[in-house]
Amino acid sequence: MGNIVILTGAGISAESGIETFRAETGLWAQHRVEDVATPEGFARDPQLVVTFYNGRRAQAADAQPNAAHKALARLEAEHQGEVLVVTQNVDDLHERGGSRNLIHMHGALNSALCGQCDNRWEAPMQMHVGQTCPACTAPAARPDIVWFGEMPYQMERIFEAISRADLFVAIGTSGNVYPAAGFVAEAARAGAATLEINLEPSAVGSQFDDALLGPATQTVPAWVNDILKRG
Ligand code: BJW
């Protein structure tokens with residue numbers, strides 16, 4: 001099967017107990033996106049945003065990687081070609097599940113970012129407003145999260161991997177947020193086969209060659225078994 005690029009979203013961590021965004025009772029039903037996931041929201045009310053991410057950090061620390069995270073790590077370890085996981089998730093369940101070739105395109109809860117000098121360091125479990133940067137001492141620490149209107153991380157490396165992919169798979173993402181939602185079109189243009197794994201077809205579901213519908217903890221291990229069997 002050659003090189004595989006896998007895009008993951010909130011759905012892969014749902015069965016670990018981490019809330020998704022766009023479900024009826026998801027994060028965006030509880031918080032206004034503009035308040036907690038934009039630079040303007042952070043400028044307006046940093047306390048609200050820091051508290052929101054402190055809660056998310058605590059929730060992620062309590063969660064455990066599930067069978068889908070572990071299956072992707074097994075695929076990376078046992079597959080002959082390259083396996084790259086590009087996650088939109090800010091939890092660390094892929095790392096803790098054993099994935100190593102991994103990009104956090106929307107940032108990470110366990111990282112802090114200096115709004116002044118772009119230095120990054122390990123975030124404490126509870127960040128606070130006005131926390132100082134250990135490098136430049138500006139009181140400008142913020143969660144290292146890519147908010148709406150900001151450039152996702154490592155885009156060049158992602159597009160390069162997609163251009164070499166033989167298979168592109170999207171797991172547990174609703175296809176509402178760009179540029180990630182555009183990767184399937186990019187992969188198809190580059191000649192890769194495309195597969196969507198989700199509970200239901202996503203907003204860009206019609207662009208995939210194939211779909212596997214069902215909970216990630218069942219569909220992903222079964223799909224990995226199948227790929228490894230085929231060699
Ligand atoms: C299961 C399951 C189970 C559940 N098993 N599955 C108009 C057109 C196009 C683009 C734009 C536009 N206007 C503005 C934009 C750009 C904007 C954007 O996309 N807006 C849209 C709302 C339209 N994008 C940006 O601003 C991005 N930056 C950018 O574009 O920079 C410029 C650029 C230009 C050119 C190239 C490159 C860049 C930045 C986006 C930042 C997103 N940030 C967030 C929040 C921060 C992280 C955090 O707090 O955690 O990231 S938003 C939120 O959505 C979060 C997620 O990573 C992201 C995606 O959500 P995801 O993962 O898909 O979750 P859900 O809840 O939506 O879906 C869950 C799925 O799982 C569902 O499908 C379920 O069915 C499934 N599921 N249980 C299997 N057990």
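Counting starts at 1 for both ligands and their atoms, following the listed order.
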Subject >> Partners passing ring pair (Phe, Tyr, Trp, His ring centres under 6.0 Å) against Trp28 (at least two apart in sequence or in another chain) >> reply: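 By the ring pair (Phe, Tyr, Trp, His ring centres under 6.0 Å) rule, Trp28 matches Phe21.
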Original post:
If you measure from NE2 on His106 to OG1 on Thr87, what distance do you get to the nearest 0.5 Å?
Top reply: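 So the NE2 of His106 and the OG1 of Thr87 are separated by 9.5 Å.
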Could you pull out every donor-acceptor pair under 3.5 Å between side chains of residues 179-204 and any protein atom, sequence neighbours left out?
| from | atom 1 | to | atom 2 | distance (Å) |
| --- | --- | --- | --- | --- |
| Glu186 | OE1 | Arg189 | NH2 | 2.7 |
| Thr194 | OG1 | Asp209 | N | 2.9 |
| Thr194 | OG1 | Asp209 | OD2 | 3.3 |
| Glu196 | OE1 | Ser202 | N | 3.0 |
| Glu196 | OE2 | Ser202 | OG | 2.6 |
| Asn198 | OD1 | Glu200 | N | 3.3 |
| Asn198 | ND2 | Thr173 | O | 3.2 |
| Ser202 | OG | Val204 | N | 3.2 |
| Ser202 | OG | Gly205 | N | 3.3 |

Subject >> Within the protein, residues bringing a heavy atom under 4.0 Å of ligand 1, chain by chain >> reply: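 Lining ligand 1 at under 4.0 Å, by heavy atoms, one finds Gly9, Ala10, Gly11, Ala14, Glu15, Thr20, Phe21, Arg22, Trp28, Tyr53, Arg56, Gln88, Val90, His106, Ile145, Val146, Trp147, Phe148, Gly149, Glu150, Met151, Pro152, Gly172, Thr173, Ser174, Asn176, Val177, Tyr178, Pro179, Asn198, Leu199, Glu200, Gly214, Pro215, Ala216.
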Original post:
Between Gln154, Gln88, Glu95, which is the residue that forms a side-chain hydrogen bond (donor to acceptor under 3.5 Å, both in side chains) with His104?
Top reply: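 Only one option passes, and that is Glu95.
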Quick one: side chains of residues 222-231, donor-acceptor pairs under 3.5 Å with protein atoms, not counting sequence neighbours, listed by atom name and distance.
| from | atom 1 | to | atom 2 | distance (Å) |
| --- | --- | --- | --- | --- |
| Asn225 | OD1 | Arg74 | NH1 | 2.7 |
| Asp226 | OD2 | Arg230 | NH2 | 3.1 |

Subject >> N-O pairing of Glu160 and Arg164 below 4.0 Å >> reply: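 Salt bridge flag = yes for Arg164 with Glu160.
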